[in-house]
Trainee: 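Quick one: this structure, given as structure tokens, is what I'll be asking you about.
Lettering of chains follows the sequences in order, A, B, ..., and the numbering in each one begins at 1. As the structure is a prediction and not an experimental result, all values here were calculated from the model.
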Amino acid sequence: MQAFGSGAMTNSIADIVEAKAILAIGTNTTEAHPVLSLQIKKAVRQHGASLIVADPRRIELVDFATVHLRLEAGTDLALLNGLAHIILNENLHDSAFITERTENFEAWKAVVDEYTPDRVSAITGVPVDDLVRAARIYGGARPASIFYCLGITEHTVGHQNVLALANLALLTGNLGIRGGGLNPIRGQNNVQGACDMGGLPNYYPGYQPVTDPAVREKMTAFYGVEQPPATPGLTMGELIQAAGEHRIRALYIMGENPMMSDPNTNHVRDCLEKLDLLIVQDLFLTETAALADVVFPAAAFAEKDGTFTNTERRVQRVRQVFDPPGEARADWQILCQLARRMGARGWDYTSPSEIMEEIAQITPPYGGIHYDRLEGDGLQWPCPSRDHNGTPILHVGKFPRGRGRFHPVHHQPAAELPDDEYPLMLTTGRILQHYHTGTMTRRVSGLNILAPEERAEINTLDAAELGIADGDWIRIASRRGVVTVRARVCERPRRGLVFMTFHFVEALSNVLTNNALDPIAKVPEYKVCAVKVERAYPPEDRTHA
Amino acid sequence: MAYAPTLSPDRVARTTCPYCGVGCQIELHTKGGVVYRVSAPFDAQPNQGKLCVKGRFGHDYLWHPDRLTVPLLRRNGQLVPVGWDEALGFVADRLAAIKSESGPGAIGALGGSRCTNEENYLMQKFARQVIGTHNVDNCARL
Ligand code: SF4
């Protein structure tokens, strides 16, 4: 990441309990990352840490918080600049750290000076008193840690949101120490590993930029094939868009279901249908696989060997317990067979451990990762060599880019705000019992008993105005589509806000969401779009229920 | 509890939960080809014996009748079962044809955040070495 040069959780799950203050923003941790939330609760209940929760909804974590900053969705930047403003005004910043380890402080401070508590309160809807209390808690305690998740990144300004959080951590010197840090909680189990392994259009494994001529030369030599030009490829959203415009003719999708997970589902279908060749490799005939020209049956996690890397950069073993059903094969085997068919060289691995040996050779942070070292607790990268024991805390004494850089960032409204026609705001997220697009969990009967259907949360006052009672069917419409779903009338969302998950195909929020992208990180704006709500009759055809 | 019936497992295998980014360590107790119990080692990071409802009870999908067991190929608009040889051959030929007609930039690949590191590594290697494009991404933005 550009502020100090890495995009993973800086600290470890184990040292959360050493924090004296915790800021949890845009993370519904108890539902999305339950076991990590237990550590946060333990820090509060057993170790006396103060917790600040910044979230438009009254999520469960609020029960443990000293302050709940119930900001209007999409105003995080103003909030974070406002907290920094108060910390500076009250002299709670760490001047020594700022002088010794950071740069660009003065330019940044000039911007933050404009974010007075009154102005920030007007933008975010958070009372000035709460802003001051939160700033004193985060700024006044050492160590203090920050946790964030998709509530921060899934906005058109997601990239700036992360920079604003980094600014706070730099300002208070909360980096490189136990119980501190800036900690993104990665959503799916191996998102961290997929990125580490270079499953990104701008990086080779280990975040080696494709634009660096030395890297390109090294990879050309290593792969024995002239590498593509030194310009980044297309991101997922761009690939789908390009498919719709016939610039991409073939797409090979391994274990993902963009028909469910991507914003604006109808548009995704139109684009995928234009492909000349769609290859999908998965456990089930997902909504995306149903559109494919070829479907390869894949093995599940219990049917193959390998490694996953968790949100704290810990590389851990996955072990084969069963044979895959029928003729299904592990993804790595399918890839090897296909590559050999296409005449490629260097695809004769007999086991995942051999693949890891190759990864270690060309991926500096994984240089010391070998299967024989992964028994027990695994290893946290960077782990550059066999005699290195891994890195539980990043940035101790020094940042990879040298000095940590303050980045001035400005508040900007979300791409689509409520208006007369679509007066409410929709935000999306996860619930505890299901996972992502539901491909796996919707096929686990116990989990379906606990959470059988989508319920859209709507504030009591909004519901009263619209004549909606708890459990009523409602129609939610945006500029992109309509879904019919049952309402849960409650106090959790703030006024004007509606909340849905993306786990349920029969009432899929991504039909409604906006595919406007953050121009830098290319993250779709799932978290905010404008909708209207009205009472409805139950849909006649409720397949999958 | 005075009486707790016990089943002796064929095998207890330590592995990593496939659901969220916490990466809890789980032990699958298996008997007769199914998981009948899931536990968590108390002495292990990152979860020290704790699990949520998904890690503890969320594995039945492994035996769900909807699991795909054979490759499928679209013929006359329908996905029909075929052998691996035919499915792989078809894909290899089509990818090669599209690459030679429209260039490697007309092909894209998406890795999976549910797949292993090794598999994601191979997917990017496939895109960059075999196809010759940086058009490779994953679901991290979601
Ligand atoms: S058990 Fe729950 S908290 Fe732990 S990795 Fe699995 S889904 Fe995440």
Trainee: Closer than 3.5 angstrom, by distance alone: can the side chain of B/Asn135 be matched with the main-chain N or O of A/Leu234 as a donor-acceptor pair?
Mentor: yes
Trainee: Please look at A/Arg329 and chain B and tell me whether the side chain, the backbone, both or neither of the residue comes under 4.5 angstrom of a heavy atom of that chain.
Mentor: both
Trainee: Which atoms of A/Asp196 come close to chain B, meaning under 4.5 Å heavy atom to heavy atom: side chain ones, backbone ones, both, or neither?
Mentor: neither
Trainee: What residue in B/Arg67, B/Arg74, B/Gln129, B/Gln124 has the most heavy-atom pairs under 4.5 Å with chain A?
Mentor: B/Arg67
Trainee: Could you go step by step and tell me if A/Glu256 and B/Arg114 meet the salt bridge (charged side-chain N to carboxylate O under 4.0 Å, His left out) rule?
Mentor: CA-CA 8 Å; A/Glu256 294 292 355; B/Arg114 295 189 315 234; 5.7 Å; no
Trainee: Would you confirm whether the ring centroid of A/Tyr204 sits within less than 6.0 angstrom of the ring centroid of B/His134?
Mentor: yes
Trainee: Check each atom of A/Ala242 against the heavy atoms of chain B and say whether the ones under 4.5 Å are side chain, backbone, both or neither.
Mentor: neither
Trainee: Under a 4.5 Å heavy-atom cut-off, does chain B meet the side chain of A/Leu38, its backbone, both or neither?
Mentor: side chain
Trainee: Tell me which pairs pass side-chain hydrogen bond (donor to acceptor under 3.5 Å, both in side chains) where either residue lies in residues 41-52 of chain B, with sequence neighbours left out.
Mentor: none
Trainee: If I measure from the heavy atoms of chain B, does A/Leu338 come under 4.5 Å with its side chain, its backbone, both, or neither?
Mentor: both
Trainee: Can you say whether A/Leu291 sits under 4.5 Å from chain B via the side chain, the backbone, both, or neither, judging by heavy atoms?
Mentor: backbone
Trainee: Side chain to side chain contact (heavy atoms under 4.5 Å, CB included) between A/Val210 and B/Arg128: does it pass, once the steps are laid out?
Mentor: CA-CA 11 Å; A/Val210 299; B/Arg128 292 181 165 123; 3.8 Å; yes
Trainee: Would the distance check show the side chain of B/Asp137 and the main-chain N or O of A/Met236 forming a donor-acceptor pair, the cut-off being under 3.5 Å?
Mentor: yes
Trainee: Checking A/Ala290 against chain B: side chain, backbone, both or neither under 4.5 Å from a heavy atom?
Mentor: backbone
Trainee: Please tell me if the side chains of B/Leu68 and A/Val295 come closer than 4.5 Å, counting only heavy atoms from C-beta onward.
Mentor: yes
Trainee: As an exercise: rank B/Gly112, B/Gly33, B/Ala106 by heavy-atom pairs under 4.5 Å with chain A and give me the winner.
Mentor: B/Ala106
Trainee: A/Gln281 versus chain B, heavy atoms under 4.5 Å apart: side chain, backbone, both or neither?
Mentor: neither
Trainee: If I measure from the heavy atoms of chain B, does A/Phe308 come under 4.5 Å with its side chain, its backbone, both, or neither?
Mentor: both
Trainee: Can a side-chain donor-acceptor contact be found between B/Thr15 and A/Arg319 if the only test is distance below 3.5 angstrom?
Mentor: no
Trainee: Top residue by heavy-atom pair count (under 4.5 Å) with chain B, among A/Asp276, A/Val315, A/Thr309?
Mentor: A/Thr309
Trainee: Could you check whether any side-chain heavy atom of A/Met342 comes within less than 4.5 Å of a side-chain heavy atom of B/Ile131, counting everything from C-beta outward?
Mentor: yes
Trainee: Under 4.5 Å heavy-atom distance to chain B, tell me which part of A/Val225 shows up: side chain, backbone, both or neither.
Mentor: side chain
Trainee: Side chains of B/Leu72 and A/Leu285: does their closest heavy-atom pair fall under 4.5 Å?
Mentor: yes
Trainee: Does the side chain of A/Tyr349 come within less than 4.5 Å of B/Glu118's, by heavy atoms?
Mentor: no
Trainee: Which atoms form the tightest heavy-atom contact between A/Arg249 and B/Ser102, and what is the distance?
Mentor: NH1-OG, 2.7 Å
Trainee: Excluding sequence neighbours, so at least two apart, what forms salt bridge (Lys or Arg N to Asp or Glu O under 4.0 Å) with A/Arg247?
Mentor: A/Glu245
Trainee: Given a strict heavy-atom distance threshold of 4.5 Å, which part of A/Pro232 is in contact with chain B: side chain, backbone, both, or neither?
Mentor: backbone
Trainee: Side chains of B/Val91 and A/Tyr252: closer than 4.5 Å at any heavy-atom pair?
Mentor: no
Trainee: Highest number of heavy-atom pairs under 4.5 Å with chain A: which of B/Arg11, B/Lys125, B/Met123, B/Arg94?
Mentor: B/Lys125
Trainee: Between A/Phe301 and B/His59, does the ring centre distance come in under 6.0 Å?
Mentor: yes
Trainee: Quick one: do B/Arg75 and A/Asp293 satisfy salt bridge (charged side-chain N to carboxylate O under 4.0 Å, His left out)? Show the steps, please.
Mentor: CA-CA 8 Å; B/Arg75 278 209 192 112; A/Asp293 300 292; over 6 Å; no
Trainee: Looking only at the side chains, is there a donor atom on one of A/Asn190 and B/Asn117 sitting less than 3.5 Å from an acceptor on the other?
Mentor: yes
Trainee: Flag the pair B/Tyr121 / A/Trp332 as yes when their ring centroid distance falls below 6.0 Å, and as no otherwise.
Mentor: no
Trainee: Please classify the contact between A/Pro229 and chain B as side chain, backbone, both or neither, with a heavy-atom cut-off of under 4.5 Å.
Mentor: backbone
Trainee: Of all of B/Leu51, B/Asn120, B/Ile26, which one pairs up most often with chain A through heavy atoms under 4.5 Å apart?
Mentor: B/Asn120
Trainee: Would a 4.5 Å heavy-atom cut-off, applied to side chains only, mark A/Pro201 and B/Val136 as touching?
Mentor: no
Trainee: Top residue by heavy-atom pair count (under 4.5 Å) with chain A, among B/Val22, B/Val130, B/Leu73?
Mentor: B/Val22
Trainee: Which bit of A/Ile279 comes within less than 4.5 Å of chain B, counting heavy atoms only: side chain, backbone, both or neither?
Mentor: side chain
Trainee: Counting only heavy atoms closer than 4.5 Å, note whether A/Leu36 contacts chain B via side chain, backbone, both or neither.
Mentor: both
Trainee: Residue by residue, which of residues 76-83 of chain B have a heavy atom closer than 4.5 Å to a heavy atom belonging to chain A?
Mentor: B/Leu79
Trainee: Any side-chain hydrogen bond (donor to acceptor under 3.5 Å, both in side chains) pairs touching residues 20-29 of chain B, not counting sequence neighbours?
Mentor: A/Gln316-B/Gln25, B/Arg14-B/Gln25, B/Thr16-B/Gln25, B/Glu27-B/Ser39, B/His29-B/Ser39
Trainee: Is any side-chain heavy atom of A/Phe296 closer than 4.5 Å to a side-chain heavy atom of B/Val70?
Mentor: no
Trainee: Within a strict 4.5 Å, meaning less than it, do heavy atoms of the A/Asn189 and B/Cys20 side chains meet?
Mentor: no
